[in-house]
Amino acid sequence: MSETASRRVGAFAGAVVAFALLAGTFGVFVRSYPGQASDEQTMQSWAAHFGSDVPTSGWLGDHQLAVLGGIGVVLAIVCAVRRSPRLAGHATILVLGAVAIAVFLKTGLQRPALGVGSLTNSFPSNTVAAFAAAAFGLIAVSPERLRRVVAVASLAGTAVVSVAVVGLQWHRPSDVIGGWLVAVAAAFAAECVLPVRGRSVRHLRR
């Protein structure tokens, strides 16, 4: 088996594992009473530190679309400067795929009425999925010499967003985990469809 084929198989397996973990998270924290209760209690505890008695927009609510749009522009500029349609295609599959999956799941999944919190399904978090996918996209398109710095900055930013959506009572912790897993699955899927790693695409690392 060639290196590229082997990497595609590994990426496909990674996507399958991420989806399995996503399903497990939903089963444990949304489909069961103990899971819902612990999830709700954790959100309320975090919200108390933010001073949020009810769901609150906050800075993130007012600016998240602008920030995500700005990241999209940065991704486009980097891909254009590096003159790489492959990187552009990879980032597009990753980000749009993650957002589409998150929206589809959040709209289609049902939250059982177990007497805990709101009945409206909030799993997985669209916001976290979008920011995590954007972070993975930035890492993927960055030149190798800058990749570590980009990874630290982008993942730290996504971690801040993850904490904020719970503190503002937009999402429970399991929704955040679900958002990250959607982005991870999309990252593996993008690598499976349009690889940007490995010896066969070494020219992209400069």
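For the numbers below, each heavy atom of this structure counts, side chains included, while hydrogens, waters and symmetry mates do not.
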* Test log, rule side-chain contact (heavy atoms from CB on, under 4.5 Å), inputs Gln169 and Val54 -> CA-CA 7 Å; Gln169 292 198 47; Val54 295; 5.6 Å; no

* To do: Give the C-alpha distance, both sets of side-chain angles, the deciding distance and a yes or no for side-chain contact (heavy atoms from CB on, under 4.5 Å) between Val78 and Ser142.
  => CA-CA 7 Å; Val78 172; Ser142 296; 5.7 Å; no

* Asked: Given the rule in the side-chain contact (heavy atoms from CB on, under 4.5 Å) test, do Asn121 and Gln110 qualify, once you have shown the distances and angles that lead to the verdict?
  -> CA-CA 6 Å; Asn121 178 57; Gln110 298 294 320; over 6 Å; no

* Could you give me the CA-CA distance, side-chain angles and deciding distance for Asp175 and Val165, then say whether side-chain contact (heavy atoms from CB on, under 4.5 Å) is met? => CA-CA 9 Å; Asp175 303 334; Val165 296; over 6 Å; no

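Within the structure, side chain to side chain donor-acceptor pair (under 3.5 Å) pairs that include any residue of residues 87-102 do not occur (at least two apart or interchain).
The CG atom of Leu94 sits 11.5 Å away from the CG atom of Leu87 when rounded to the nearest 0.5 Å. Distance CZ/Phe50 to OG1/Thr56: 10.5 Å, rounded to 0.5 Å. Atom CG of Leu181 and atom CD1 of Ile101 lie 11.5 Å apart (nearest 0.5 Å). Rounded to the nearest 0.5 angstrom, Leu146 CG and Leu138 CG are separated by 12.0 Å. From Ile71, atom CD1 reaches atom CZ of Phe131 across 5.5 Å, with rounding to the nearest 0.5 Å. In this structure, the separation between CE on Met43 and NE2 on His171 is 10.5 Å, given to the nearest 0.5 Å.
Between the Ser45 side chain and the Gln41 main chain, no donor and acceptor come within less than 3.5 Å of each other. Between the Ser52 side chain and the Gly167 main chain, a donor and an acceptor come within less than 3.5 Å of each other. In this structure a side-chain-to-backbone donor-acceptor pair under 3.5 Å is present from Gln36 to Pro112. Judged by distance alone, with hydrogens and angles left aside, the side-chain atoms of Thr107 form no donor-acceptor pair with the main-chain N or O of Phe104 at under 3.5 Å. At least one donor-acceptor pair under 3.5 Å links the side chain of Glu191 to the backbone N or O of Val196. For the pair Arg172 (side chain) and Val166 (backbone), a donor-acceptor distance under 3.5 Å is absent.
Using a 4.5 Å heavy-atom cutoff, the side chains of Thr120 and Arg111 are not in contact. Residues Leu21 and Val184 fail the side-chain proximity criterion, which asks for heavy atoms closer than 4.5 Å. Taking the side chain as every heavy atom from C-beta outward, Phe136 and Val95 never approach each other to under 4.5 Å. For the pair Lys106 and Ser125, the minimum side-chain heavy-atom distance is 4.5 Å or more. Contact check for Val16 versus Phe188: no side-chain heavy atoms found under the 4.5 Å cut-off. At least one side-chain heavy atom of Leu60 sits under 4.5 Å from a side-chain heavy atom of Val161.
The minimum heavy-atom distance between Trp180 and Thr158, with the atom names listed, is CZ2-CG2, 3.3 Å. Minimum heavy-atom separation, Cys79 to Val141: SG-CG1, 3.8 Å. For the pair Leu68 and Ala130, the tightest heavy-atom approach, listed with the atom from each and the gap, is CD1-CB, 4.0 Å. Residue Ala186 comes nearest to Gly97 through the heavy atom pair CB-C, 4.4 Å, listed as atom of the first residue, atom of the second, then distance. Residues Ala140 and Arg147 approach most closely at O-NH2, 4.1 Å, considering heavy atoms. Scanning all heavy atoms of the two residues, the minimum distance from Pro124 to Gly179 falls at CB-N, 3.6 Å.
Linking ILVMFWY side-chain heavy atoms closer than 4.5 Å, directly or via other members, places Val73 and Val99 in two distinct hydrophobic clusters. Both Phe19 and Leu109 sit in one connected hydrophobic cluster of ILVMFWY residues. Membership requires side-chain heavy atoms under 4.5 Å apart, directly or through other members. Note on Val67 and Leu75: same hydrophobic cluster, where clusters join Ile, Leu, Val, Met, Phe, Trp and Tyr whose side-chain heavy atoms are under 4.5 Å apart, directly or indirectly. There is a path of hydrophobic side-chain contacts, each under 4.5 Å, that joins Trp46 to Val176. Both Val74 and Ile139 belong to a common hydrophobic cluster when Ile, Leu, Val, Met, Phe, Trp and Tyr are linked at side-chain heavy-atom distances under 4.5 angstrom.
The neighbour count for Asp53 CG, taken as heavy atoms of other residues, nucleotides or ligands under 6.0 Å away, does not exceed 12. Heavy atoms of other residues, nucleotides or ligands lying less than 6.0 angstrom from CZ of Phe12 number 12 at most.
Shown are Thr25, Thr42, Asp39; of these, the side chain to side chain donor-acceptor pair (under 3.5 Å) with Ser174 is made only by Asp39.
Note on ring orientation: taking the six-membered ring where Trp is involved, the planes of Phe123 and Phe26 are tilted (angle from 30° to 60°).
If you check the side chains of Trp170 and Thr127, you find no donor sitting under 3.5 Å from an acceptor.
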